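A quick write-up on the structure given underneath.
On a predicted model such as this, the values are computed, not experimentally measured, just so you know. Residue numbers start from 1 in every chain, and the chains themselves are labelled A, B, ... in the order their sequence lines are given, proteins ahead of strands. Both backbone and side-chain heavy atoms feed into the values below; hydrogens, waters and symmetry mates do not.
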Protein chains: 2
Amino acid sequence: MSVRVLEHPSVEEIRLEAVLHALADPARLEVVCFLARTEGEAACSEIDLAVSKSTGTHHYRVLREAGVIRQVYRGTAKMNSLRKADLDALFPRLLDSVVSAAAKRLRRDQGTTSGARRSRAHQGE
Amino acid sequence: MSVRVLEHPSVEEIRLEAVLHALADPARLEVVCFLARTEGEAACSEIDLAVSKSTGTHHYRVLREAGVIRQVYRGTAKMNSLRKADLDALFPRLLDSVVSAAAKRLRRDQGTTSGARRSRAHQGE
DNA sequence: GTCGTAGTACGACATTTGTCGTAGTACGAT
DNA sequence: ATCGTACTACGACAAATGTCGTACTACGAC
């Protein structure tokens with residue numbers, strides 16, 4: 001059986017710069033905010049990014065390799081969850097401050113961003 | 001009179017992604033940590049980065065344009081300071097968490113990376 | 001004025017990054 | 001086995017990024 005195991009960095013391998021870089025992209029930040037909101041697992045297909053699927057895969061990989069999210073296969077789906085405990089242990093309050101700042105900003109300039117179509121529930125909080 | 005005024009983003013113009021991106025570089029993170037430690041102004045030449053002067057200028061500009069630092073000319077020197085109040089107002093606890101995480105990390109692997117040395121000509125050719 | 005120091009501007013370059021489409025694999029359902 | 005869904009791998013590409021050296025400007029000191 002193809003176990004389909006995904007490589008994740010251990011806690012010691014998580015690097016601050018990589019985490020910051022992973023968070024410094026709009027699409028990835030959206031994923032992180034979504035996961036922070038749901039506080040559980042979400043399939044890639046649940047999070048409606050304004051990019052193609054290949055690009056989405058790329059962003060999920062960046063997040064996983066930076067240690068920001070954990071990914072497991074479940075059936076045909078790939079479930080994502082925040083590595084909140086790990087990140088909090090390494091960088092206390094970092095994730096919270098980024099997520100709440102992003103949420104605040106999203107609330108403020110909803111509609112200002114032209115172009116990309118986003119749908120999905122940014123308001124359910 | 002050479003006015004030599006430097007452009008800074010206003011508080012409203014500071015974007016979270018830009019700040020995160022600015023912080024996601026080792027040289028720039030070092031600058032930020034230095035400024036956080038000194039809690040005042042520091043000339044570019046006071047912070048010994050392991051890059052050339054032109055590259056240093058580039059990094060300082062990235063930090064300034066992201067809204068992370070403020071730069072003013074004073075004589076021949078260019079003084080840098082953290083925009084801590086502005087950043088704290090926009091992204092509460094973000095700067096603190098990043099700086100303390102970086103400080104912790106620096107403390108941990110001090111010695112593996114022998115200090116900032118420059119003066120390296122290009123190798124090989 | 002000249003000189004040295006601090007930093008800049010510019011062009012060049014290699015690398016990384018974000019983006020996509022196409023072709024493919026893994027799985028569940030039929 | 002066949003089909004559809006979910007996601008991946010790969011190659012391609014443009015744009016951004018980090019790096020440098022050289023030539024330059026701004027300022028203070030002499």
Side-chain angles (χ1 to χ4, degrees), chain A residues 1-7 15 17-31 41-66 68-81 115-118, chain B residues 1-7 15 17-31 41-66 68-81 116-125:
Chain A
M1 323 293 309
S2 58
V3 188
R4 291 219 279 173
V5 177
L6 291 159
E7 290 284 324
R15 317 219 330 112
E17 284 92 342
V19 171
L20 291 172
H21 172 251
L23 297 174
D25 178 275
R28 294 195 292 259
L29 199 48
E30 195 176 331
V31 170
E41 290 184 324
C44 295
S45 51
E46 285 181 65
I47 309 174
D48 187 32
L49 298 177
V51 294
S52 74
K53 290 234 301 195
S54 347
T55 304
T57 299
H58 162 69
H59 286 310
Y60 283 108
R61 178 166 43 214
V62 171
L63 285 169
R64 173 170 45 86
E65 292 180 347
V68 177
I69 65 173
R70 194 173 294 281
Q71 299 191 285
V72 293
Y73 283 106
R74 181 174 312 159
T76 67
K78 191 183 203 174
M79 308 305 291
N80 307 276
S81 55
R117 164 199 72 95
R118 30 192 21 149
Chain B
M1 311 275 305
S2 59
V3 189
R4 290 221 280 174
V5 176
L6 292 159
E7 290 284 324
R15 327 279 313 134
E17 284 92 342
V19 171
L20 291 172
H21 171 251
L23 297 174
D25 177 276
R28 295 194 290 258
L29 200 47
E30 194 176 331
V31 170
E41 291 184 323
C44 296
S45 51
E46 286 181 64
I47 310 174
D48 188 34
L49 298 177
V51 293
S52 73
K53 286 219 308 185
S54 350
T55 304
T57 299
H58 162 69
H59 286 309
Y60 283 108
R61 179 168 42 215
V62 172
L63 285 169
R64 173 169 48 85
E65 291 180 348
V68 177
I69 64 172
R70 193 174 292 282
Q71 300 191 285
V72 294
Y73 283 106
R74 183 173 309 158
T76 67
K78 191 184 205 173
M79 307 305 292
N80 307 277
S81 55
R117 39 123 179 73
R118 29 218 337 249
S119 74
R120 28 161 319 288
H122 33 124
Q123 13 112 318
E125 224 351 292

> Quick one: does B/Glu46's side chain have a donor or acceptor within less than 3.5 Å of a partner on B/Ala43's backbone?
Replying inline: yes
> A/Leu49 has an atom CG; how far is it from atom C1' of C/dC20, in whole Å?
Replying inline: 15 Å
> For D/dC27, which nucleotide is its Watson-Crick or G-U wobble mate, given both distances must be under 3.5 Å?
Replying inline: C/dG4
>> Please name the nucleotide paired to D/dT2 by Watson-Crick or G-U wobble geometry with both distances under 3.5 Å, or report none.
In response: C/dA29
>> Rounded to whole Å, please give me the gap between OH in B/Tyr60 and P in D/dG18.
In response: 15 Å
>> In the structure I gave you, are the side-chain heavy atoms of A/Val72 and A/Leu6 within less than 4.5 Å of one another anywhere?
In response: no
> Taking the nucleotide of DNA chain C with the closest heavy atom to each, which residue, A/Ser52 or A/His21, is nearer the 5' end?
Replying inline: A/His21
>> Taking atom types as they are modelled, would you say the side chain of B/Thr76 forms a donor-acceptor pair with the base of C/dG7 within the 3.5 Å cutoff?
In response: no
> With respect to the phosphate group of D/dA9, does any side-chain polar atom (N or O) of A/Arg61 fall under 4.0 Å of OP1 or OP2?
Replying inline: yes
> Taking atom P of C/dT17 as reference, at what distance in whole Å does atom CG of B/Asp25 sit?
Replying inline: 11 Å
>> Whole angstroms only, please: what is the CD-P distance between A/Glu7 and D/dA9?
In response: 12 Å
> Do A/Arg28 and A/Val62 come close enough that some side-chain heavy atom pair is under 4.5 Å?
Replying inline: yes
> Taking only N and O in the side chain of A/Arg28, is any of them less than 4.0 Å away from OP1 or OP2 of C/dG18?
Replying inline: yes
> With a 3.5 Å cut-off and just heavy-atom distances, do the side chain of A/Ser54 and the base of C/dG21 make a donor-acceptor pair?
Replying inline: yes
>> What is the distance, to the nearest angstrom, from the NE2 atom on B/His59 to the P atom on D/dT19?
In response: 4 Å
>> Taking side chain to side chain donor-acceptor pair (under 3.5 Å) as the criterion, tell me which of B/Arg61, B/Glu41, B/Arg64 meets it with B/Gln71.
In response: B/Arg64
> Taking OP1 and OP2 of D/dA9, is either one under 4.0 Å from a side-chain nitrogen or oxygen of A/Thr57?
Replying inline: no
> Got a donor-acceptor contact below 3.5 angstrom from the A/Thr57 side chain to the A/Lys53 backbone?
Replying inline: yes
> Of all the choices, C/dG7, D/dC7, C/dC20, which nucleotide is nearest to the side chain of A/Thr55 once you look at every atom?
Replying inline: C/dC20
>> Let me spell it out: for each of A/Lys53 and A/Gly75, pick the nucleotide of DNA chain C with the closest heavy atom. Which residue's pick is nearer the 5' end?
In response: A/Lys53
> Expressed in angstrom and rounded to an integer, what is the separation of B/His58 atom NE2 from D/dT17 atom P?
Replying inline: 8 Å
>> Nearest whole Å is fine: how far is C/dT16 P from A/Glu65 CD?
In response: 14 Å
>> In this structure, how many angstroms lie between the P atom of D/dC7 and the CD1 atom of A/Ile69, rounded?
In response: 12 Å
> For B/Ala27, which contact category applies under a 4.0 Å heavy-atom criterion: base, sugar-phosphate, or nothing?
Replying inline: nothing
